2 protein chains.
Amino acid sequence: MYEIFQKYLEEKAEFSQAESERIQSFAIIKKLRKRQYLLQEGDVWKYDAFITQGCVRTYTVDEKGSEHVNSFSIENWWTGDRESLMMQQPSRFNIDAIEDTELVLFTHENFESLCREIAAFNNMVNIILQRSFISAQNRIQASLTLTAEEKYLNFINKYPGFASRIPQTMIASYLGMTPETLSRIRKQTAKK
Amino acid sequence: MYEIFQKYLEEKAEFSQAESERIQSFAIIKKLRKRQYLLQEGDVWKYDAFITQGCVRTYTVDEKGSEHVNSFSIENWWTGDRESLMMQQPSRFNIDAIEDTELVLFTHENFESLCREIAAFNNMVNIILQRSFISAQNRIQASLTLTAEEKYLNFINKYPGFASRIPQTMIASYLGMTPETLSRIRKQTAKK
DNA sequence: TAAAACTCTTGATCTATATCAAGTTTTTAC
DNA sequence: GTAAAAACTTGATATAGATCAAGAGTTTTA
């Protein structure tokens, strides 16, 4: 499934034949079965990971054992724990597959080499990071200003298609509400 | 007050004399009086802005007229609206000074030139962005998992010194609670 | 330096959402 | 294909935090 990543690269920037080959030479293909972990709390995350197929969730588990979903990532997105990666510290997060998933991994050293060697690659990564930051900001803003119902409507509007792939319990957790509340909101909004 | 920025640069990376001068040649010094706007909702943000002195807040105003504080930035931090800057679209945010404030501004074109010309500068910017992203993630995580009291304790622990410079109303808004709730929490935690 | 305008506190009451509990439907796994 | 497990729904009740209101400090401004 490397072709999907190849296509993504071509869309984002122009790479020479040699550069493309260099990038591919570092790629590690990884497959995850549904429920399988990509990262477990306590482990240090060491990759930059691109999803070519499937869907994963990033979440924490609190002292009471409840899970709090931090993010979902699907094909053509990146996943991982930047904090653990950058600080080389054990992760507070778990990442596991919601569906059977295929990824392209780069060890961080290799990834950094690519950034250093290939200006277009570095630039691409930078733009992705800026986009990620912007969407994190928007999520914060939404959590501060919206009611539970508005959060849900905002979510399905922003990520159409997610609702049909991801269990409601996880979506509720992502939105910071209980599954019961989400169920009631869906019932209400269906009426309208 | 350019020296403060100069010192910041020296701490973050190594720049040659020529590079330092190049950076400085683009710097615009700006002073804000307390309450003065740096950015108003509807305007397009065009700078990269570093605070050498003082404190600003970034916030939105909803239909009911309530303010929602998205972030505080103090000396040795950056501020601005990345989304407006990147997408060249009108900002949803206001940024104004909580104290008399001094900044170093770069127009985004100049800033991008510096990134292109000076690898160490580009690298520095990249690291800052990664850090910002990480702290946005942590804020999301906190908003999903913590109670009002925990959010406040987490805040004063993470940003000691902020509580004494910033009005409680604004801190409450930043934490996603009412000023009354924050006042009661402070009373309770003071007892312990 | 006094009045106006904020900011913070405290109390009483309200409400959005959580929690608990049970039943139904859907998915998983042998 | 069927039993077990998981996911979703619905109702009853609880609660953290919001809202409203009013008084006490503090800061701003003229």
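Scope of the values below: all heavy atoms of this structure, side chains included, with no hydrogens, waters or symmetry mates. Treat the numbers as computed from the prediction; the structure is a model and nothing was measured. Residue numbers start from 1 in every chain, and the chains themselves are labelled A, B, ... in the order their sequence lines are given, proteins ahead of strands.
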Among the nucleotides C:dT7, C:dA18, C:dG11, whichever has the atom closest to the side chain of B:Thr169 is C:dT7
The answer to which of B:Lys34 and B:Ala148 contacts DNA chain D further toward the 5' end, by nearest nucleotide, is B:Ala148
By side chain to side chain donor-acceptor pair (under 3.5 Å), B:Thr52 pairs with (sequence neighbours left out) none
Presence of B:Thr181 side-chain N/O under 4.0 Å of D:dG17 phosphate oxygens OP1/OP2: no
To the nearest angstrom, the CD1-P distance between A:Ile166 and C:dT26 comes to 20 Å
Exercise for review: For the residue pair B:Asp81 and B:Ser91, confirm or rule out a side-chain donor-acceptor distance under 3.5 Å.
Suggested key: yes
Separation of C:dT27 atom C1' from A:Met170 atom CE, nearest Å, is 13 Å
To the nearest angstrom, the CD-P distance between B:Glu99 and D:dT28 comes to 12 Å
B:Arg184 atom CZ is separated from D:dA21 atom C1', nearest whole Å, by 12 Å
Here the distance between atom P of C:dT7 and atom CZ of B:Arg165, to the nearest Å, is 17 Å
Testing D:dG17, D:dT9, C:dT9 for proximity to the side chain of B:Arg186, the answer is C:dT9
In whole angstroms, the gap separating C1' of D:dT10 from NZ of A:Lys187 amounts to 7 Å
Q. So does B:Glu180 reach the base of D:dC20 with its side chain, donor to acceptor, closer than 3.5 Å?
A. yes
Practice problem: Determine: side-chain N/O of A:Thr178 to OP1/OP2 of C:dA18, distance under 4.0 Å, yes or no. | Solution: yes
Show the atom names and distances, to 0.1 Å, of all donor-acceptor pairs under 3.5 Å that link a side chain in residues 53-61 of chain A to residues at least two apart or in another chain.
{"from": "A:Arg57", "atom 1": "NH1", "to": "A:Asp96", "atom 2": "OD1", "distance (Å)": "3.1"}
{"from": "A:Arg57", "atom 1": "NH1", "to": "A:Asp96", "atom 2": "OD2", "distance (Å)": "3.0"}
{"from": "A:Arg57", "atom 1": "NH2", "to": "A:Glu67", "atom 2": "OE1", "distance (Å)": "2.3"}
{"from": "A:Tyr59", "atom 1": "OH", "to": "A:Asp96", "atom 2": "OD2", "distance (Å)": "3.2"}
{"from": "A:Thr60", "atom 1": "OG1", "to": "B:Gln141", "atom 2": "NE2", "distance (Å)": "2.6"}

In whole angstroms, the gap separating P of C:dA18 from CG of A:Leu182 amounts to 10 Å
Closest non-hydrogen contact found for A:Glu41 with A:Asn94 is N-OD1, 3.0 Å
Comparing nearest nucleotides in DNA chain C, the 5'-proximal residue of the pair A:Ile185, B:Pro179 is B:Pro179
Would A:Arg22 count as a cation-pi partner of A:Phe15, with NZ or CZ less than 6.0 Å from the six-membered ring centre and within 45° of the ring normal? no
Q.
Is it the case that the base of D:dT28 and the side chain of B:Arg33 share a donor-acceptor contact (distance under 3.5 Å, atom types as modelled)?
A. no
(Q) Taking atom types as they are modelled, would you say the side chain of B:Arg35 forms a donor-acceptor pair with the base of D:dT29 within the 3.5 Å cutoff? (A) no
Considering only heavy side-chain atoms of B:Pro167, the closest of D:dA18, C:dC8, D:dT10 is C:dC8
Whole-Å distance, A:Gln168 CD to D:dT9 C1', equals 9 Å
